[in-house]
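Written below as structure tokens is the structure these notes are about.
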Amino acid sequence: MSSRFPMSSSNVGKAKKNKALASFNDKVLKIVRRIPKGKLLTYGQVAAMAGSPRAARIVGGILFRLGPDSRLPWQRVVNAQGGISTFRVGSGERQTALLKAEGLRFNRAGRINLKLYQWVPSARLLKDFEVKDELAILLNFRPDW
DNA sequence: TCAGTGACTCCCC
DNA sequence: CGGGGAGCCACTG
């Protein structure tokens, strides 16, 4: 059976025989990989799903180290205001273009309407990541369960 | 091992 | 609505 979280990078080498605890890093990658085209998640939401509600900055750091050519849909993670946080590291234009190509629209302030494009993970996925109902509601995740 | 670091957030003004 | 400032905390070297 093993873990629900397929290994990836950093945790591979130190995975224990049965426990197979996924690191925060691996959970983040696993979550980001699941965000559908045309949908978004904020750094904070990803952090919360991965088990640390206040580790939004860490999520940014993890995605940063993936590099702009990563296969993961890193562009689908934005800040809590629906804005792009990657301009400072030189990927802002790239991220903006990728998102527009997926059909997302930006307002005058350069922000995306999260109410409209935020991804709502399925109840099944939230269960896999052990996201408590209370937290799910707090994150605006409202699967029709 | 441990102090820095920062693709974040929230709060205040 | 925008900018400044102070927490936050997993990861890195």
Side-chain angles (χ1 to χ4, degrees), chain A residues 2-122 125-143:
Chain A
S2 73
S3 170
R4 305 188 191 72
F5 309 114
M7 61 280 82
S8 81
S9 63
S10 72
N11 204 40
V12 178
K14 42 190 175 182
K16 299 303 179 185
K17 300 176 176 56
N18 302 312
K19 286 294 183 177
L21 294 183
S23 66
F24 178 78
N25 181 91
D26 290 339
K27 289 181 180 177
V28 166
L29 299 183
K30 173 64 178 173
I31 292 167
V32 173
R33 193 170 61 184
R34 294 297 218 89
I35 305 175
K37 178 182 178 184
K39 288 299 179 178
L40 306 170
L41 227 45
T42 67
Y43 294 97
Q45 291 173 322
V46 172
M49 273 188 80
S52 289
R54 285 162 292 184
R57 305 188 66 166
I58 313 311
V59 173
I62 291 171
L63 296 184
F64 169 65
R65 285 185 289 282
L66 286 178
D69 297 321
S70 171
R71 288 183 284 82
L72 277 81
W74 57 271
Q75 74 273 20
R76 297 173 191 157
V77 181
V78 300
N79 63 43
Q81 283 61 241
I84 303 302
S85 289
T86 60
F87 283 103
R88 48 175 310 192
V89 293
S91 299
E93 299 299 340
R94 174 86 176 283
Q95 182 171 17
T96 299
L98 288 172
L99 292 179
K100 285 184 177 177
E102 294 188 5
L104 282 72
R105 314 298 291 283
F106 292 75
N107 66 18
R108 302 178 201 182
R111 296 182 187 170
I112 298 170
N113 187 325
L114 290 177
K115 296 292 183 185
L116 198 57
Y117 298 108
Q118 178 188 115
W119 177 43
V120 176
S122 67
L125 188 60
L126 292 177
K127 185 171 190 286
D128 286 346
F129 279 88
E130 305 182 320
V131 177
K132 302 290 183 297
D133 288 5
E134 191 174 329
L135 176 60
I137 292 174
L138 190 64
L139 297 175
N140 295 314
F141 290 157
R142 301 186 172 186

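Chain letters run A, B, ... following the sequence lines, proteins first, then strands; residues in each count from 1. Heavy-atom basis, side chains included; hydrogens, waters and symmetry copies ignored.
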query = side-chain contact (heavy atoms from CB on, under 4.5 Å) between A:V46 and A:L63: does it pass, once the steps are laid out?
reply = CA-CA 11 Å; A:V46 172; A:L63 296 184; over 6 Å; no
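Regarding A:N107, its CG atom lies at a distance of 11 Å from the C1' atom of C:dC1, rounded to whole Å. At whole-Å resolution of the value, CZ in A:F24 and P in B:dA7 are 15 Å apart. Summarising the geometry, the separation between CZ on A:F64 and P on B:dA7 is reported as 7 Å, rounded to the nearest angstrom. For the pair A:R108 CZ and C:dG2 P, the computed distance is 11 Å after rounding to whole Å. When the P atom of B:dA7 is taken as reference, atom CG of A:L29 falls 17 Å away, rounded to whole Å. Rounded to whole angstrom, the span from the CZ atom of A:R54 across to the P atom of C:dC11 amounts to 16 Å. A straight line from CG of A:L66 to P of C:dA10 spans 18 Å, rounded to a whole angstrom. Here the C1' atom of nucleotide B:dC8 and the CZ atom of A:F87 are 16 Å apart, to the nearest Å.
Looking at heavy-atom distances under 4.0 Å, A:R111 makes contact with sugar-phosphate atoms alone, never a base. Among the heavy atoms of the strands lying under 4.0 Å from A:T42 are primed sugar atoms or P, OP1, OP2 only; no base atom is included.
Near DNA chain B, meaning a heavy atom under 4.0 Å away, the residues from residues 71-79 of chain A are A:W74, A:N79.
Atom CG of A:L29 is separated from atom CZ of A:R71 by 10.0 Å, given to the nearest 0.5 angstrom. Taking CG of A:L114 as the start and CG of A:N140 as the end, the distance is 9.0 Å to the nearest 0.5 Å. Interatomic distance, A:R34 CZ to A:S122 OG, rounded to the nearest 0.5 Å: 7.0 Å. Going from atom CG of A:L125 over to atom CD1 of A:I31 covers 7.5 Å, rounded to the nearest 0.5 Å.
Nearest nucleotide to the side chain of A:V89, out of C:dC11, B:dC8, B:dA7: B:dA7. When each of C:dC9, C:dC11, B:dA7 is scored by its nearest atom to the side-chain atoms of A:R65, the top-ranked nucleotide is C:dC11.
Between A:S52 and C:dC9 there is no side-chain N or O to OP1 or OP2 distance below 4.0 Å. Side-chain nitrogen and oxygen atoms of A:S85 include at least one within less than 4.0 Å of the OP1 or OP2 phosphate oxygen of B:dC8.
In terms of heavy atoms, A:Y117 sits closest to A:G103 at OH-O, 3.8 Å. Scanning both residues, A:A47 and A:A56, for their nearest heavy atoms gives CB-N, 3.7 Å.
Of the possible polar contacts, one joining the A:Q95 side chain to the A:V77 backbone as a donor-acceptor pair under 3.5 Å is found.
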Any protein N or O atoms within reach of nucleotides 2-6 of chain B? Criterion: under 3.5 Å, listing atom names and distances.
from, atom 1, to, atom 2, distance (Å)
B:dG6, N9, A:R57, NH2, 2.9
B:dG6, N7, A:R57, NH2, 3.4

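For A:D69 and A:R94, the salt-bridge test passes: some basic side-chain N is under 4.0 Å from an acidic carboxylate O.
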